[in-house]
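All remarks here apply to the structure that follows.
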Amino acid sequence: MEYNEEYIQGLLFEKIAGTISEQDNLVAEHAIASHAEVRKFWEVLKAKMGSPKAAAFLSGLNPDQAWEKTSESLHQQPGSFFSRNRWALSGIAAMLAIALPLAWYFNSTNQTQTSLQNQAFKEVYLKTDQGKAVDLSNNKQIKLGQTQINTKQKELSYNAGNADSQEWATLFVPVTKDYKIKLSDGTTVWMNAASSLRFPFQFGKQTREVYLTGEAYFEVAKNPQQEFIVHTSYADVHVHGTSFNVNAYTAQNFTAALVEGSVSAKKDNQVIKLKPGEEAVIGKENLEIKTFDAQEVLSWRNGTYSFHNQPLSQIAQVLNRWFDVKIAWQTPAVSQQTFTGEIDKNLPLDVVISNLKLTSGMQAELKNGILTFR
């Protein structure tokens, strides 16, 4: 199956609105990493939506009026990807009302039809910025230019060889999987399902910078002369050497939780410094500091997800990326009900669902790969 530009545009609109699914986000990240025209569109879209004019427009927008106005233009385009069902959330309709001209920009700057392949994303793989892709599902040794890639038991390490190498790569971890990577400076990163990490094979002399989507736990090699920065779509984390967890699946659930050492979280012009046991979260306007339960935040590294008074919508996201199951709501209000318990990734999904029913009282039915909550 091939993805056309219109499909990718739709995913990028969802991504910037914060409503994209983890699996679709991996597809979007793959497109951004692999295609210069998609990267250009993404940068323009972020700049457009981050402008004061866009923010002011959104603050006084009537969502229903915005959709009606937007849909008139969309329905004039044959085979349009956008529809009322697809963009039911008013926030996305509002985004489109502003961002729609960018779709025309995208089409006008890309006269040559470039097909984007729909990869299965069933196995962990590595893709360089030069387009070389490596399947990491089996233990192997691979040579990429001067870089020696080694994979063993869900772990990647490498030797860049050439100290001046400027090549970057992106590690993609699909739903149901988790993976570990050791970077060139000795930093170790544990990655959760439906996540990606873009990194250089060899860090520069000034800073050590990586780009994360999804969730990962970092143990950063100490180097006071070279700051380590984790970039996400929602905020950045700055550190010299420490252990911390970053959850960047969505803006609503973004957290940077400090286990040991000292880090700073930065969003726009705001910078907050964390102490061990504290996490940065995105509030209504700015970053906020809260305390966290390490058992809950870090349990995913041991193949379990512990939750306390969590809304079902958040628990369902974990089921989606750990068991590759689609989520449906018979009654939307059910998604806001809160529960306490634990999910074991190593158990069959039907057993997990049965346990949740017994311990929480929630009602759910699995049929044809769709988990419906009632």
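Numbers here simply count residues along the sequence, with the first being 1. In this text, all values refer to a predicted model and were calculated from it rather than measured experimentally.
Here Ile142 contributes atom CD1 and Lys132 contributes atom NZ; the two are 12.0 Å apart, rounded to the nearest 0.5 Å. Atoms CG and NZ, on Leu156 and Lys154 in that order, are 14.0 Å from each other to the nearest 0.5 Å. Here CD of Gln317 is found 13.0 Å from CH2 of Trp322. Values are rounded to the nearest 0.5 Å. Between the OG1 atom of Thr176 and the CG atom of Leu349 there is a distance of 11.5 Å, given to the nearest 0.5 Å. Here the CG atom belonging to Leu136 is positioned 9.0 Å from the CD1 atom belonging to Ile181, to the nearest 0.5 angstrom. Atoms CG and CG, from Asn269 and Asn286 in turn, are 10.5 Å apart once rounded to the nearest 0.5 Å.
Taken together through direct or relayed side-chain contacts under 4.5 Å among Ile, Leu, Val, Met, Phe, Trp and Tyr, Val230 and Trp168 form parts of separate hydrophobic clusters. Linking Ile, Leu, Val, Met, Phe, Trp and Tyr residues whenever their side-chain heavy atoms come within less than 4.5 Å places Tyr234 and Val210 in a single cluster. Two different hydrophobic clusters hold Val239 and Val271 under the rule that ILVMFWY side chains link at heavy-atom gaps under 4.5 Å. Transitive grouping of hydrophobic side chains (ILVMFWY, heavy atoms separated by less than 4.5 Å) keeps Ile353 and Ile370 in distinct clusters. Residue Val318 is grouped with residue Met362 when hydrophobic side chains (ILVMFWY) are merged at heavy-atom distances under 4.5 angstrom, including chains of intermediate members.
Partners of Asp236 by side-chain hydrogen bond (donor to acceptor under 3.5 Å, both in side chains), not counting sequence neighbours, listed by chain and number: His231.
When atom types are taken as modelled, the side chain of Glu278 and the backbone of Phe292 share no donor-acceptor pair closer than 3.5 angstrom. No side-chain donor-acceptor contact under 3.5 Å links Thr304 to the backbone of Asn302. Of the possible donor and acceptor atoms, one in the side chain of Thr232 sits under 3.5 Å from a partner among the backbone N and O of Ala235. A donor-acceptor contact shorter than 3.5 Å is absent between the side chain of Ser195 and the backbone of Met191.
Thr188 is listed as a side-chain neighbour of Lys180, based on a closest heavy-atom distance under 4.5 Å. Between Phe218 and Phe228 there is a side-chain heavy-atom pair separated by less than 4.5 Å. Between Phe201 and Ile149, some side-chain heavy-atom pair lies under the 4.5 Å cut-off. In this structure, the side chains of Leu12 and Ile32 come closer than 4.5 Å at one or more pairs of heavy atoms. Glu167 is listed as a side-chain neighbour of Gln130, based on a closest heavy-atom distance under 4.5 Å. With contacts defined as side-chain heavy-atom distances shorter than 4.5 Å, the pair Leu274/Phe244 does not qualify. Side-chain contact between Val352 and Phe323 is present, with at least one heavy-atom pair separated by less than 4.5 Å. Side-chain atoms of Leu287 and Ile282, non-hydrogen and from C-beta on, do get closer than 4.5 Å to each other.
Side-chain contact check for Thr187 and Asp185: at least one donor-acceptor pair (N or O, by modelled atom type) lies under 3.5 Å. When only modelled atom types and interatomic distance are considered, Ser306 and Glu342 share a side-chain donor-acceptor pair under 3.5 Å. If you check the side chains of Ser196 and Thr170, you find no donor sitting under 3.5 Å from an acceptor.
When all heavy atoms are compared, the tightest approach of Pro200 to Phe203 is CG-CD2, 3.5 Å. Closest non-hydrogen pair, Tyr179 versus Leu171, comes out as CD2-CD2, 3.9 Å. Here the closest non-hydrogen pair linking Lys122 and Lys177 is O-CE, 3.3 Å. The two residues Tyr158 and Lys182 come nearest to each other via the heavy atoms CE2-O, 3.5 Å. Considering all non-hydrogen atoms of both residues, Ala364 and Leu371 come closest at CB-CD1, 3.9 Å. Minimum interatomic distance between Thr340 and Asn309 (heavy atoms only, all atoms of both residues): OG1-N, 3.0 Å.
Checked options Tyr305, Phe339, Phe307; the residue passing with Gln314 is Tyr305 (criterion: side chain to side chain contact (heavy atoms under 4.5 Å, CB included)). Screening Leu212, Val281, Val297, Thr255 against Asn247 for a side chain to side chain contact (heavy atoms under 4.5 Å, CB included) leaves a single residue, Thr255.
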> Going through the checks in order, is the side chain to side chain donor-acceptor pair (under 3.5 Å) test met by Trp300 and Asn245?
Replying inline: CA-CA 11 Å; Trp300 67 267; Asn245 192 83; 3.1 Å; yes

>> Is there a salt bridge (charged side-chain N to carboxylate O under 4.0 Å, His left out) between Arg208 and Glu227? Walk through the geometry before answering.
In response: CA-CA 6 Å; Arg208 297 170 289 169; Glu227 186 177 33; over 6 Å; no

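Heavy atoms of other residues, nucleotides or ligands lying less than 6.0 angstrom from NZ of Lys143 number more than 12.
Arg301 forms a cation-pi arrangement with Tyr217, by the criterion of a distance under 6.0 Å to the ring centre and an angle within 45° of the ring axis. Judged by a 6.0 Å distance limit and a 45° cone about the ring axis, Arg321 is positioned over the six-membered ring of Tyr249.
Phe373 and Trp329 have parallel rings, their planes meeting at less than 30° on a 0 to 90° scale where 60° marks the start of perpendicular.
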